[in-house]
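Note that the structure is a prediction, hence the values are computed from the model and not measured.
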Amino acid sequence: MNLIDNWEGYYEYGIGYSLPQFGERVNIQVNFQGNNDNFVGTVKEVSSEHSVPLEATIIGFTDNELISFIKTYPKVARQKEFGSSEIKMENGQIGIEHQGYIDPKFDAIYGSWSITETAPADQGAYPITVYGTWLLRRVK
């Protein structure tokens, strides 16, 4: 299935997020460029209370019906405080790993994403991973 095109769909906040983020969907628009084996692209999020107001880049590959890519924002978006939907932008970059499946029958691609970061603690930093799901359908 040819992926090089415009897609729309969503990502959803999952395990590791607390309310009000947990279970929230953010609508996205994705453009894949290059070729099916190795591609690049951009991700724009539709403005909402839970979206990140930045354009992200993606780089990835496919292997038969599997797809893998990393989405990178030019800054790091963090909650202003625990349990808040407000975000603050910090310097740096964060890579979000996406794994999924290509579904030619429904002209869709979908899967899960994860972010692993180091969380500060009183006795030292420790790794924390958060997860979610995503789905894209070709723009017709």
Side-chain angles (χ1 to χ4, degrees):
M1 183 168 97
N2 183 17
L3 299 180
I4 308 308
D5 208 346
N6 293 310
W7 298 75
E8 60 187 10
Y10 65 85
Y11 69 83
E12 185 172 281
Y13 292 96
I15 301 298
Y17 286 93
S18 59
L19 294 175
Q21 278 83 15
F22 181 81
E24 289 295 325
R25 285 186 176 174
V26 174
N27 292 323
I28 57 176
Q29 300 165 338
V30 178
N31 174 268
F32 290 115
Q33 301 168 14
N35 62 60
N36 282 335
D37 295 333
N38 296 290
F39 57 84
V40 297
T42 57
V43 179
K44 294 180 184 176
E45 300 186 17
V46 176
S47 181
S48 75
E49 180 181 11
H50 301 285
S51 65
V52 176
L54 301 171
E55 182 173 290
T57 58
I58 55 177
I59 184 168
F61 66 93
T62 62
D63 184 7
N64 295 317
E65 73 278 355
L66 303 177
I67 185 169
S68 178
F69 61 92
I70 296 178
K71 176 172 73 172
T72 304
Y73 291 104
K75 291 192 177 263
V76 178
R78 297 198 193 284
Q79 285 179 298
K80 283 191 174 182
E81 58 186 58
F82 182 76
S84 168
S85 61
E86 290 184 77
I87 60 171
K88 61 181 176 179
M89 306 310 291
E90 297 178 354
N91 289 331
Q93 291 184 339
I94 188 162
I96 303 167
E97 295 182 29
H98 291 67
Q99 307 293 328
Y101 301 94
I102 300 166
D103 188 334
K105 179 179 178 182
F106 293 103
D107 204 15
I109 49 180
Y110 60 91
S112 62
W113 57 265
S114 65
I115 304 170
T116 301
E117 291 189 275
T118 302
D122 293 339
Q123 273 69 41
Y126 62 95
I128 183 170
T129 303
V130 294
Y131 304 90
T133 59
W134 58 273
L135 169 87
L136 296 173
R137 290 199 168 103
R138 189 182 314 272
V139 174
K140 302 223 182 214

Report task. Just jot down the salt bridge (Lys or Arg N to Asp or Glu O under 4.0 Å) partners of Asp5, sequence neighbours excluded, or say none. Result -> Arg138

Report summary line: ring-ring contact (aromatic ring centres under 6.0 Å, His included) filter on Tyr13, not counting sequence neighbours, yields Tyr11, Tyr17

Query - Contacts of Lys75 that satisfy salt bridge (Lys or Arg N to Asp or Glu O under 4.0 Å) - sequence neighbours left out - result: none

Requested in this report: Tell me whether Val30 is reachable from Val139 by hopping between hydrophobic residues (I, L, V, M, F, W, Y) whose side-chain heavy atoms are closer than 4.5 Å.
Outcome: no

Query raised in the report: Going from CZ on Phe61 to CG on Asn38, what distance comes out if it is rounded to the nearest 0.5 angstrom?
Result: 8.5 Å

Requested in this report: Return the minimal non-hydrogen interatomic distance between Ser51 and Val26, and the atom names on each side.
Outcome: CB-CG1, 3.6 Å

Report task. Just do the side chain to side chain donor-acceptor pair (under 3.5 Å) check on Asn6 and Glu8 with the steps written out, would you? Result -> CA-CA 7 Å; Asn6 293 310; Glu8 60 187 10; over 6 Å; no

Query - Spacing of CG belonging to Leu3 relative to CG belonging to Asp107, to within rounding of 0.5 Å - result: 9.0 Å

Query raised in the report: Between atom CH2 of Trp134 and atom NE2 of His98, what is the distance when rounded to the nearest 0.5 Å?
Result: 7.0 Å

**Report entry** Any residue meeting salt bridge (Lys or Arg N to Asp or Glu O under 4.0 Å) with Lys105, in chain and number order, not counting sequence neighbours
**Finding:** none

Query raised in the report: Side chains of Asn31 and Gln33: do they bring a donor and an acceptor to under 3.5 Å?
Result: yes

**Report entry** Test salt bridge (Lys or Arg N to Asp or Glu O under 4.0 Å) applied to Arg25 and Glu49, Glu12, Glu45, the passing residue
**Finding:** Glu12

Query raised in the report: Taking only residues two or more places apart in sequence or in another chain, which ones pass side-chain contact (heavy atoms from CB on, under 4.5 Å) with Thr129?
Result: Ser114, Thr116, Tyr131

Report summary line: Asn35 and Asp37 have their tightest heavy-atom pair at OD1-N, 2.9 Å

Report task. For Thr62 and Asn36, indicate whether the former's side chain and the latter's backbone hold a donor-acceptor pair under 3.5 Å. Result -> yes

Query raised in the report: Atom CD in Gln93, atom CD1 in Ile70: separation rounded to 0.5 Å?
Result: 11.5 Å

Report task. Step through the shown structure and confirm whether more than 12 heavy atoms of other residues, nucleotides or ligands are within 6.0 Å of CD1 on Ile59. Result -> no

Requested in this report: Please examine the side chains of Tyr73 and Val52, heavy atoms only from C-beta on, and report whether any two atoms are closer than 4.5 Å.
Outcome: yes

Query raised in the report: If you measure from CD on Gln99 to CH2 on Trp113, what distance do you get to the nearest 0.5 Å?
Result: 13.5 Å

Query raised in the report: Any side-chain heavy atom of Ile67 sitting closer than 4.5 Å to one from Phe39?
Result: yes

Query raised in the report: What are the two closest heavy atoms between Glu55 and Pro74, and how far apart are they?
Result: O-CD, 3.4 Å

Report summary line: Shortest non-hydrogen pair, Phe32 vs Ile109, comes out as CE1-CD1, 3.6 Å

Requested in this report: List, by chain and then residue number, the residues other than Tyr110 in its hydrophobic cluster (Ile/Leu/Val/Met/Phe/Trp/Tyr, side-chain heavy atoms under 4.5 Å); write none if there are no others.
Outcome: Tyr10, Leu66, Tyr101, Leu135

Query - Greater than 12 external heavy atoms within 6.0 Å of Asn2's CG - result: yes

Query raised in the report: Can you tell if the side chain of Ile58 reaches within under 4.5 Å of the side chain of Val40, non-hydrogen atoms only?
Result: no

Report summary line: Here the gap from Met1 atom CE to Glu65 atom CD, rounded to the nearest 0.5 Å, amounts to 11.5 Å

**Report entry** Side-chain touch Val130/Ile15, heavy atoms, less than 4.5 angstrom
**Finding:** no

